Protein chains: 2
Amino acid sequence: MDTRELRYFVAVAEELHFGRAAERLGMAQPPLSRAIKQLERRLGVSLFERNRRGVALTGAGEVLLYEGRAALDATDAAVRRTQRAGGVDAPSSRLVLAVKAAGSHELLQRLLAAYAAVPGAAEIEVLLCGFCDQEGLLRDGRADAALMHTPFNSLAGFDSEELTTEGQIAILPARHPLAARESLTVADVGDVPDLPLARWPSYGVYPPGPGPEIRDQTQLAQLIALGRTLAVMPDSARAWLWSEHAAIPLTDAPQVGTHIAWPAHSRSLALAGLIRTATELRRRG
Amino acid sequence: MDTRELRYFVAVAEELHFGRAAERLGMAQPPLSRAIKQLERRLGVSLFERNRRGVALTGAGEVLLYEGRAALDATDAAVRRTQRAGGVDAPSSRLVLAVKAAGSHELLQRLLAAYAAVPGAAEIEVLLCGFCDQEGLLRDGRADAALMHTPFNSLAGFDSEELTTEGQIAILPARHPLAARESLTVADVGDVPDLPLARWPSYGVYPPGPGPEIRDQTQLAQLIALGRTLAVMPDSARAWLWSEHAAIPLTDAPQVGTHIAWPAHSRSLALAGLIRTATELRRRG
DNA sequence: CGCTGTGATACCCGGCAGGTATCGTCAAAG
DNA sequence: CTTTGACGATACCTGCCGGGTATCACAGCG
């Protein structure tokens with residue numbers, strides 16, 4: 001199978017509309033229809049149900065959408081890593097580390113400082129991403145390593161090392177009655193009538209609910225300060241609290257683990273050095 | 001990048017010879033040369049050093065060989081799983097389980113029996129492989145799950161669950177002096193002058209050494225019975241010993257773990273059932 | 001009935017993948 | 001030093017196929 005056909009298929013499977021998919025691909029609709037039909041013939045499997053008024057994925061189509069995305073990611077990763085290895089920037093002398101913006105800031109500081117001191121250290125490019133999925137960045141080669149947080153990120157398919165664990169806090173408007181408490185439980189914050197939990201997009205769409213829609217951390221901080229919402233965050237979020245915020249420990253929230261993760265079987269020497277530095281950081285506390 | 005170009009590249013990178021690679025690909029040499037050059041131009045990276053008398057991989061070429069194989073595996077897996085999902089055999093009602101021939105036989109028996117009793121169980125096709133790499137089978141979709149053995153197999157990149165651990169034994173000719181011992185150490189068996197350790201192929205080639213070259217378990221068993229070699233095996237290998245063999249426990253050999261492994265993020269319901277059955281097997285002992 | 005939105009079909013064209021023939025170059029043989 | 005063989009690169013041709021435009025078939029809707 002050809003990556004071209006696979007990209008076409010993914011586009012159609014995502015749009016569920018040949019016309020829009022063709023537009024997205026920058027081509028006309030007829031050749032796209034033909035390419036999909038040819039792909040189905042070559043695989044010997046029907047991928048779409050062409051009903052009147054639109055298309056739907058078959059079971060085989062769902063499998064191909066899932067597996068195909070992984071294959072395309074792997075192909076993109078191969079291209080990116082090859083270009084980086086042969087580019088003008090000396091071979092593998094540059095690592096891209098994906099971190100969630102404002103997450104584990106202090107740990108990141110220490111990691112960068114410790115790694116910079118390693119003789120022969122590669123240059124580290126920090127890829128700050130808001131709510132973008134770090135898993136995808138690792139899979140398609142845009143990043144070489146990522147600081148990820150369980151239980152929010154899945155570490156499946158990557159190698160990883162746990163660096164720290166921490167408790168969680170509720171971040172409230174300082175003037176809210178609950179802010180006076182010594183500690184809270186998940187049940188306490190889950191159902192505060194005047195402070196609905198903020199919603200942030202997962203996979204591009206916002207889950208339904210009463211809370212405000214959040215796009216970045218600053219927005220969230222401001223909404224909390226305004227007394228419109230509350231947030232549950234790892235302990236290290238204290239680093240960016242405002243004076244109008246109150247941080248109250250959650251006694252029964254799950255521990256948040258910070259891990260450094262990288263593509264399984266990675267063979268980059270520079271990456272190995274970064275990981276070693278990270279794990280040594282952990283041992284020292 | 002196109003899978004076609006990638007397959008061409010991998011062929012040349014493996015053969016390090018345009019003519020042989022072209023032959024393997026069933027095409028003439030000139031278009032292959034051109035395709036590689038075009039790939040290099042498209043990536044903006046030099047992949048081969050064309051010296052006089054042959055070609056060699058550049059650093060970028062090594063990266064692409066490694067990453068490209070993974071990408072091709074992922075593509076093949078997408079094709080295979082899609083075809084299986086849409087084939088005549090009802091969707092995902094069939095699972096392929098890769099096991100090392102004669103390894104963990106008793107565990108496999110129990111697993112198959114237990115899973116067959118699960119209501120709605122899928123059909124299990126057992127893919128017995130000699131010394132073929134199970135990692136590859138999982139990666140390119142020829143298998144859905146595998147029973148793998150640490151520390152021999154790497155579980156990197158897969159999800160896995162440990163099922164059992166066991167010690168290791170030395171298998172000797174029954175009439176050999178060492179066969180009378182109660183127990184042995186790795187040092188004892190590592191350097192027996194008249195019983196050199198057998199060599200089996202890793203990645204298609206035999207490592208150098210004095211021992212006989214082995215292709216399958218029967219051959220090994222016979223060579224031991226003939227007093228030509230000895231072998232170190234997990235405890236469960238006792239299942240296939242001959243009367244002319246002696247099994248002596250190794251006190252200081254690393255524990256061998258048997259794991260069931262599957263592609264990370266697998267979403268097959270049938271596979272989930274198999275894994276659940278396997279882990280329950282473990283809990284019951 | 002006509003209009004609209006959608007995917008499928010018909011047909012054409014240009015580019016590119018693949019073939020053959022040949023060259024350039026280097027190394028080993030004599 | 002010359003010859004010869006091995007190997008990759010180049011030149012050039014050809015047929016296929018990917019992509020375009022125009023149009024059809026059909027279903028829902030007013």
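In the text below, chain A, chain B and the rest are named by the order of the sequence lines, each starting its count at 1. What you are looking at is a predicted structure, and each value in this text was computed from that prediction instead of being measured.
- Between the P atom of dT9(C) and the CD atom of Q29(A) lies a distance of 11 Å, rounded to the nearest Å.
- Here the rule is salt bridge (Lys or Arg N to Asp or Glu O under 4.0 Å) with D144(B), and of R80(B), R84(B), R94(B) only R84(B) fits it.
- In this structure, L16(B) places its CG atom 13 Å from P of dC7(D), rounding to the nearest Å.
- Distances were taken from every side-chain heavy atom of P31(B) (C-beta onward) to each of dG20(D), dG18(C), dG18(D); the shortest belongs to dG18(C).
- Note on K37(A): a side-chain N or O is less than 4.0 Å away from OP1 or OP2 of dT9(C).
- For R4(B) and dC16(D), the CZ to P distance is 17 Å, given to the nearest whole Å.
- The phosphate of dG7(C) (OP1 or OP2) has no side-chain N or O of S33(A) nearer than 4.0 angstrom.
- Classified by interplanar angle (parallel below 30°, tilted 30° to 60°, perpendicular above 60°), the ring pair H265(A)/Y66(B) is perpendicular.
- Dashed line: the shortest gap from a side-chain N or O of R34(B) to OP1 or OP2 of dA17(C) is not under 4.0 Å.
- The pair R24(B)-E14(B) meets the salt-bridge criterion, since a charged nitrogen lies less than 4.0 angstrom from a carboxylate oxygen.
- Relative to the side chain of H17(A), the nucleotides dG8(D), dT6(C), dG18(C) differ in distance, and dT6(C) lies closest.
- Neither OP1 nor OP2 of dT6(C) sits under 4.0 Å from any side-chain N or O of R50(A).
- Between the CG atom of L32(A) and the P atom of dT21(D) there is a distance of 14 Å, given to the nearest Å.
- Under 4.0 Å is where a charged nitrogen must lie from a carboxylate oxygen, and between R267(B) and E62(A) no such pair does.
- If you check dC11(C), dG7(C), dG19(C) against the side chain of A28(B), the one that comes closest is dG19(C).
- Note on F48(B): nothing from the nucleic acid sits closer than 4.0 angstrom, heavy atoms only.
- With distances taken from any side-chain atom of Q38(B) to the nucleotides dT10(D), dG8(D), dA17(C), the minimum falls on dA17(C).
- Each of dC11(C), dG8(D), dG18(C) was ranked by its minimum atom distance to the side chain of F18(B); first place goes to dG8(D).
- With hydrogens and angles disregarded, no donor-acceptor distance shorter than 3.5 Å links the side chain of E49(B) to the backbone of A56(B).
- The interatomic distance linking Y8(B) (OH) with dG8(D) (P) rounds to 17 Å, in whole Å.
- In this structure, R20(A) places its CZ atom 7 Å from P of dT6(C), rounding to the nearest Å.
- Between the CD atom of E23(B) and the C1' atom of dG19(C) there is a distance of 16 Å, rounded to whole Å.
- Counting to the nearest Å, the C1' atom of dA9(D) and the CG atom of L47(B) are 17 Å from each other.
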